[in-house]
There are 2 protein chains.
Amino acid sequence: MSEVESFFKSAFSVDNVIFGFDGGDLKILLIQRGAAPYKGKWALPGDLVYPNEDLDTAAERVLEQLTGLRDVYLEQVRAFGAVDRHPLGRVITIAYFSLIKISDYTVTPASFAQSAMWHSVNKVGDLAFDHKEILDSCLKRLKRKVRMAPIGFELLPPKFTLTELQQLYESILAPPKGIDKRNFRKKILSTNLLNDLNQVQEGVSHRPAKLYEFDKDKYEQLVAEGYSFDI
Amino acid sequence: MSEVESFFKSAFSVDNVIFGFDGGDLKILLIQRGAAPYKGKWALPGDLVYPNEDLDTAAERVLEQLTGLRDVYLEQVRAFGAVDRHPLGRVITIAYFSLIKISDYTVTPASFAQSAMWHSVNKVGDLAFDHKEILDSCLKRLKRKVRMAPIGFELLPPKFTLTELQQLYESILAPPKGIDKRNFRKKILSTNLLNDLNQVQEGVSHRPAKLYEFDKDKYEQLVAEGYSFDI
DNA sequence: AGGGTTTGGTGTAGAAAAAACAATAAGTGC
DNA sequence: GCACTTATTGTTTTTTCTACACCAAACCCT
C-alpha cells in the first residue's frame, strides 16, 4: 500500500463555508486547489483534523490560517461521509459555516492566500469534491438561522444603516418580491436591540442615513430572561 | 508514532437516538453496555462505521440490528468530536435520530436486545460517553423539526385519533400550558393532509373517537407546488 | 332503563401580528 | 434654486393566534 493510500485509509476533515457581505451579493471565500485531486478547481477551505484537536478548533484554525481572523461566528452544520466523496480514500468531513466582516479580510497570511477569492453565492459553479452540496447545505442553514438569531450583524461593520441591514437580509433570504422597507424597519426596531448612535453616514452624495449598532449585551440579557429573536 | 500514522488511530461511529411514542411520554430506546468502557451504563445504540459504508447506511444498520425495522424516518443531526469524548482513542461520532412506531418494535433480533429498553426522555439520567449531550441535541432538533415537517406521524400507527396526535405533539413540545384542543384541531385539519377514515375507535369505554390517516401523497404533491408544513 | 362517568367534538370574538401601500425629508451636484 | 438620490415615517386591511365552554356519544353500574 502506497503512502498516499495508507494515509487516506480513514480520516476526517473540516470544511468551512466562510460567508461575507459587501453590500451587494452574499459572498463566500473559496480557494483554488493547487494539488491533485481536483487541481485548479475551486473548493471550500478545509483541512484534516489533527489527532488532538477538537472539531471546532480545527474549523477555527482553518479560518484563521486563511483570514487571520479569530473569535468569529462559527457553527457546525453536519457531516458528509459518502464512501466515494474523496477519490483517494475514506474521508468524512464536518461542514462548518462562519460569518466574517468582509472588510476585516485583507490579503491573507496563509500560503494558499494567493488563490483565495470571494465568489457570489449565486454564481458559484461546480466545486471540488462534494463541496457544492456542502455549500447548499450551509446556505440553507444560514437562511434559517439568520431569522432565528441575531447573527446577521456578524457580517456587518459595527456601525451600519438600516438600509444596509435590510440589504443583508435580502441577499441571504432572497425573497421573491424583496422586503418591504417600512415593515422591515418596524420589526427590527421593535426588538429594541439596535442603538441609535446619533450619527449619520458620511461621504454619500444623497441624504445620509442614521447609523446604528447591535446591542449584544442587551440581547444576552433578554435571552437569559427567555427572549427569542425572530425576524 | 509519527504524525501521519496517528491519523490512522482515529475512527468514526454513528449513534442513534430512536424515538418512540406510546400515548404517554416520548420514549427513546437505550441499550445497557455489556463491555468496558462504561460497562453497565445506559447508552445510545451505535457502532463504528464500516470502511465501505455511508454514514446514513451505518445508522440504518444500527437501527435494523436493534429493532429489525427498515425504511424508517432517519435524520442526521451533527457530529460530536471532542478529543476526549471516548476514553480509548479518538472517535468522532455522527448523531442521528429516528422515529419508529413503538408498536412495531417487538422483542428484538439483535444480540444486545436483552439489554435494550425504552426510557422516557424526561427520566433519562446520565448516559455513557457524551450520549446525554447527543440526546439533548437530537431532542432539540426533533422539537424544531416536528413543527416544520409532518414527521410526527412516523411515531403513530397508520390510523390515529386527533387526541392521540395532540398528545404526541404535547409529549414532544411540552408546552407549559398544554395545547388548546380546539385550536390544535383547527390548525391540523386546515392543512387538509388528514383523511377522515369514517371509522371510529373500538374497545374504549367511552365515546369512540374518529380515526384519521396522514395523506403522504397529497403532502408530497403540495410540497412540489411550494407548500411548506408549519404547525 | 336511567343516571353517572369519561372522552369526543365543535364556534366565536378579541388581540396580535403580518402585509400592503405612498408621501415627505434631507442631503448632493449642478 | 432645481433636479436627483436615498432616508424616513404611519395607517388600513388582512391574516393569524389566542382564549374560552357546552353538548354529544359511548360505556358502566345499579
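Residue numbers begin at 1 in each chain, while the letters A, B, ... track the order of the sequences.
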| field | Separation of atom CD1 in Ile188(B) from atom P in dT10(C), rounded to whole Å | value | 15 Å

| request: Decide, yes or no, whether a salt bridge links Asp126(B) with Lys132(B) under the criterion of side-chain N to carboxylate O below 4.0 Å. | output: no

| remark: Between CZ of Arg207(B) and C1' of dG8(C) the distance, given in whole Å, is 4 Å

| query | Which part of the nucleic acid, if any, lies within reach of Thr161(B) when heavy atoms closer than 4.0 Å are counted: base, sugar-phosphate only, or nothing? | reply | nothing

| request: Have a look at Leu30(B) and tell me which of Leu127(B), Val17(B), Leu135(B) forms a side chain to side chain contact (heavy atoms under 4.5 Å, CB included) with it. | output: Leu127(B)

| request: Taking only Lys NZ, Arg NE, NH1 and NH2, and the carboxylate oxygens of Asp or Glu, determine whether Arg70(B) and Glu60(B) approach each other closer than 4.0 Å. | output: no

| Starting at NZ of Lys181(B) and ending at C1' of dG9(C), how long is that distance when rounded to a whole Å? | 7 Å

| Quick one: Arg185(A) CZ to dA19(C) P, roughly how many Å, whole number? | 18 Å

| Looking just at side-chain N and O atoms, do Tyr219(A) and Gln221(A) make a donor-acceptor pair shorter than 3.5 Å? | no

| query | Is the cationic atom of Arg78(A) (NZ for Lys, CZ for Arg) positioned less than 6.0 Å from the six-membered ring centroid of Phe80(A) and within 45 degrees of its normal? | reply | yes

| field | Value in whole Å for how far the C1' atom of dG11(C) lies from CG of Asp180(B) | value | 12 Å

| message | Ignoring hydrogens and geometry beyond distance, is a side-chain donor-acceptor pair present between Lys181(B) and Gln166(B) at under 3.5 Å? | response | no

| Taking any atom under 4.0 angstrom from a heavy atom of chain A, which nucleotides of DNA chain D are the first and last to qualify, 5' to 3'? | dT5(D) to dT11(D)

| Is Arg182(A) side chain donor-acceptor paired with the dA22(C) base, going by distance under 3.5 Å alone? | yes

| said: If you assign Leu211(A) and Lys186(A) each to the DNA chain D nucleotide with the nearest heavy atom, which residue ends up on the more 5' nucleotide? | reply: Leu211(A)

| Protein-nucleotide distance (His206(B), atom NE2; dG9(C), atom P), rounded to Å | 10 Å

| Value in whole Å for how far the P atom of dG8(C) lies from CG of Leu189(B) | 14 Å

| request: Measure from NZ on Lys187(A) to P on dA20(C) and round the result to the nearest Å. | output: 12 Å

| query | So what does Lys210(B) hit on the nucleic acid, given a heavy-atom distance under 4.0 Å: a base, only sugar-phosphate, or nothing? | reply | sugar-phosphate

| query | With no hydrogens and no angle check, do the side chains of Tyr169(B) and Gln167(B) hold a donor and an acceptor under 3.5 Å apart? | reply | no

| query | Val204(A) near the nucleic acid: base, sugar-phosphate alone, or nothing, with a heavy-atom cut-off under 4.0 Å? | reply | sugar-phosphate

